[in-house]
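Indexing begins at 1, ligand by ligand and atom by atom, following the structure's order. Fair warning: this is a prediction, and the values are worked out from it, not measured in the lab.
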Amino acid sequence: MTDQAQKLRELAAAFKAQPRIITVTSGKGGVGKSNLVINLAITISQMGKRALVIDADLGLANVDILLGLRNKFNLQHVIEGQMKLKDIVVYGPAGIKVIPGSSGIPRIANMSSRKRQEFIASFKELEGEADIILIDTSAGMTKNVVTFALLADEIILITTPEPSAITDAYAMVKVIHTEKPDAKVGLVVNMARTDAQALDVANKISQVARQFLNFHILVLGTLPVDPHVPRAVMQRRPWAELYPRSPATRAVKEITARILNGEARAPVHGNGFIQRISAYFKSGGEE
Ligand SMILES: Nc1ncnc2c1ncn2[C@@H]1O[C@H](COP(=O)(O)OP(=O)(O)OP(=O)(O)O)[C@@H](O)[C@H]1O
Ligand SMILES: [Mg+2]
């Protein structure tokens with residue numbers, strides 16, 4: 001995958017157009033990716049920026065369920081060529097936009113090259129739709145996840161303090177570093193019992209990455225275990241909206257502020273990112 005990774009790196013470097021794309025991923029499953037994506041989007045929107053969530057967990061899509069959305073169309077219809085990406089955008093709470101996913105979509109890597117080109121090229125339709133696009137992925141290092149992670153401007157890697165989650169997160173760090181040594185990775189520790197525990201986990205991962213890979217990872221923040229989270233999930237509402245003063249909401253606001261403050265971008269020039277991705281896939285890209 002090294003030649004392809006080189007191509008992807010060049011593409012990513014060439015991408016200076018808005019919107020800013022952030023992919024949220026994890027090594028282990030069930031560590032809080034979808035909750036983070038949705039509630040980041042809510043707080044980003046509350047802070048005055050247009051947020052769009054893409055549910056790219058192509059195995060077990062659930063952003064629409066977490067948000068209580070009713071949507072007739074999803075990514076499956078785009079992949080099958082029945083709908084345009086722009087036409088399946090639905091509005092969620094706080095004015096966020098959502099591209100609903102679909103469970104059981106064939107892997108991008110398994111699509112025919114024509115289908116894949118069409119799918120990736122269709123992301124161009126979203127260029128004017130948002131200031132920040134947040135992509136929710138499935139856990140682990142599938143080709144889908146690698147593709148979405150490498151094509152983003154930034155990657156948020158989320159873990160819990162569980163030893164297996166930490167080990168899997170570090171495995172993910174290694175893959176990201178191999179594929180894209182200059183990737184901008186922000187680490188979020190979720191469901192820590194105490195701040196001290198969260199910081200300990202974050203420091204451990206970032207220190208190991210620095211020591212063994214010379215890879216610098218930003219510690220973006222921590223989210224406490226908060227009973228408001230499962231409570232909101234049961235109500236199919238985002239906790240950042242439903243419980244604005246809950247510990248989780250306070251924590252996600254800090255993470256959002258950190259993301260927005262780091263917003264300085266290089267000037268827009270050259271072809272858009274999407275054209276470049278399309279050209280890359282046309283040239284027989286990632287397989
Ligand atoms: N900070 C938290 N406090 C309490 N519970 C939480 C917290 N974060 C997440 N959870 C719970 O953990 C479960 C998994 O969360 P979520 O679905 O966001 O994880 P995920 O990483 O997207 O999972 P998957 O890998 O299956 O996509 C949910 O039931 C949620 O209620
Ligand atoms: Mg999820």
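At a heavy-atom cutoff of 4.0 Å, ligand 1 is contacted by the side chain of Val233 but not by its backbone. At a 4.0 Å heavy-atom cut-off, ligand 1 touches Asn190 through the side chain alone. Contact annotation for Pro224 and ligand 1: only backbone heavy atoms (N, CA, C, O) come within less than 4.0 Å of the ligand.
Each of the atoms 15 (O), 16 (P), 17 (O), 18 (O), 30 (C) of ligand 1 lies under 4.0 Å from some heavy atom of Asn35. Using a 4.0 Å cut-off to heavy atoms of Gly29, the atoms of ligand 1 that qualify are 25 (O). Atoms of ligand 1 found under 4.0 Å from any heavy atom of Asp57, numbered from 1 in the order shown, are 27 (O). Residue-ligand proximity, Val225 to ligand 1, at heavy-atom distances under 4.0 Å covers atoms 3 (N).
For the pair Arg250 (side chain) and Arg245 (backbone), a donor-acceptor distance under 3.5 Å is present. Not a single donor-acceptor pair under 3.5 Å links the side chain of Arg258 to the backbone N or O of Val219.
Among protein heavy atoms, atom 26 (O) of ligand 1 sits closest to Gly30 N, 3.9 Å. Atom 19 (O) of ligand 1 has as its closest protein heavy atom Gly32 N, 3.0 Å. Here the protein heavy atom with the shortest distance to atom 3 (N) of ligand 1 is Asp226 N, 3.0 Å.
Among Val229, Val37, Leu66, the residue whose heavy atom lies nearest to atom 10 (N) of ligand 1 is Val229.
Backbone and side-chain nitrogen or oxygen atoms of Val31 are examined, and one is located within less than 3.5 angstrom of a nitrogen or oxygen of ligand 1.
Only protein N, O or S atoms were considered, and those under 2.8 Å from the Mg ion (ligand 2) are Ser34 OG.
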